[in-house]
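Structure first, commentary second.
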Amino acid sequence: MLKRGGVVAFPTETVYGLGADATNAEAVLRVYEMKGRPRFNPLIAHVANRESAESHGDLHDAARKLADAFWPGPLTLVLAKRPTSKICDLVSAGLDTIALRVPANEIARDLLQAAGCPIAAPSANKASHVSPTTAAHVAEDLGDGPGIILDGGDASLGLESTVVDLSGSVPLLLRPGGIPRKDIEDLLGATLADAQPGDRPTSPGQLASHYAPRARLRLDAMKVEPDEALLAFGGDPPPTNGPMVNLSAKGNLREAATRLFAALRELDTSGYKAIAVMPIPGEGLGEAINDRLRRAAAPRGH
Ligand code: AMP
Ligand code: MG
């Protein structure tokens with residue numbers, strides 16, 4: 001299907017992806033259309049290994065260090081795109097950079113091997129909706145849009161990749177994600193600057209309203225109002241008669257990450273118009289979890 005220019009949804013360890021042959025502009029266009037994604041928001045190109053990544057992007061020393069440490073895995077590197085790369089301009093939305101990742105999920109890796117091409121894939125949900133962590137989530141959001149949905153069960157990480165821009169003079173954290181900031185900074189021996197709006201072309205992951213359920217989110221809640229569902233964290237949630245999902249009764253951030261998006265979807269279908277969210281620590285994976293919650297809580301721009 002990929003070779004014919006079709007669109008295939010597939011599991012990765014982060015979230016499910018909506019994939020097309022990254023060298024086929026018509027196929028990539030179908031991905032943008034299926035998601036309703038603005039054309040200026042570039043896609044991640046998934047590749048089978050570092051050698052393949054090197055043929056599309058300029059992996060200088062720092063990039064190579066990070067690739068060696070975290071690939072395959074939930075790290076996306078934004079690099080200067082090689083003029084010889086066959087990845088079409090639509091993937092990088094006309095920028096002279098390319099976002100590359102080697103996924104760890106076995107099905108994703110087999111798919112990349114079998115297809116023999118880089119696969120451009122954003123998350124397999126409608127633009128600005130909650131990201132999918134199961135094949136059923138993809139079907140709920142996109143119906144029979146994708147030609148095939150490969151079912152790999154629950155995404156093992158459940159949070160998107162960390163996006164680091166190494167194309168400029170200072171490394172930028174474009175999006176916190178599955179690899180904690182500190183792990184990357186320790187390896188680089190440098191701090192990651194936070195992307196300022198206007199610094200670089202916008203990442204959709206940076207849009208204020210994103211990952212959004214229909215219900216309103218109230219963050220850092222210590223108690224639950226009668227009309228609120230509860231998204232809890234830790235062993236001591238406040239009392240409530242309404243629906244509750246605990247991201248991790250043990251207070252484990254990794255467990256919370258795997259459950260976050262499914263929990264938002266579940267509470268969204270409870271019929272409650274608001275969700276109280278307990279405070280979640282900001283260290284490690286907590287930075288990405290809090291980032292997603294803040295965006296899910298942001299006023300809707302459109
Ligand atoms: P997703 O749609 O969840 O796969 O997210 C992909 C992320 O990578 C988004 O935040 C994109 O904006 C970002 N991205 C992809 N390509 C580039 C690029 N060339 N420059 C900057 N950010 C990029
Ligand atoms: Mg997305």
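For the single chain, residues carry numbers from 1 onward in sequence order. Ligands are counted one by one from 1 in listed order, and the atoms in each one are counted from 1 as well.
Taking the salt bridge (charged side-chain N to carboxylate O under 4.0 Å, His left out) definition, one finds that R50 meets it with E54, D68, sequence neighbours left out. Here D58 pairs with nothing under the salt bridge (charged side-chain N to carboxylate O under 4.0 Å, His left out) rule; sequence neighbours left out.
Which parts of ligand 1 touch V78 is read off a 4.0 Å heavy-atom cut-off, strictly below it: atoms 18 (C), 20 (N). Interface atoms of ligand 1 facing L95, defined by a heavy-atom separation under 4.0 Å, are 18 (C), 19 (N), 20 (N). Numbered from 1 in the order shown, with element, the atoms of ligand 1 that lie under 4.0 Å from a heavy atom of P122 read 2 (O), 4 (O). Listed by atom number, the atoms of ligand 1 under 4.0 Å from A99 heavy atoms are 15 (C), 16 (N), 17 (C). Below 4.0 Å from some heavy atom of R175 lie the following atoms of ligand 1, by number and element: 1 (P), 3 (O), 5 (O), 6 (C), 7 (C). In summary, the atoms of ligand 1 found under 4.0 Å from a heavy atom of L174, numbered by their order in the structure, are 21 (C), 22 (N). The ligand atoms of ligand 1 that sit less than 4.0 angstrom from a heavy atom of T97 are 18 (C), 19 (N), 20 (N).
Using a 4.0 angstrom heavy-atom cutoff, T76 does not count as in contact with ligand 1.
Between V164, T14, I44, it is I44 that holds the heavy atom closest to atom 6 (C) of ligand 1.
In summary, S131 places no N/O/S atom under 2.8 Å from the Mg ion (ligand 2), failing the contact criterion.
Atom CD of E185 has more than 12 heavy atoms from other residues, nucleotides or ligands within 6.0 Å.
By the 3.5 Å distance cut-off applied to N or O atoms, R37 is counted among the residues near ligand 1.
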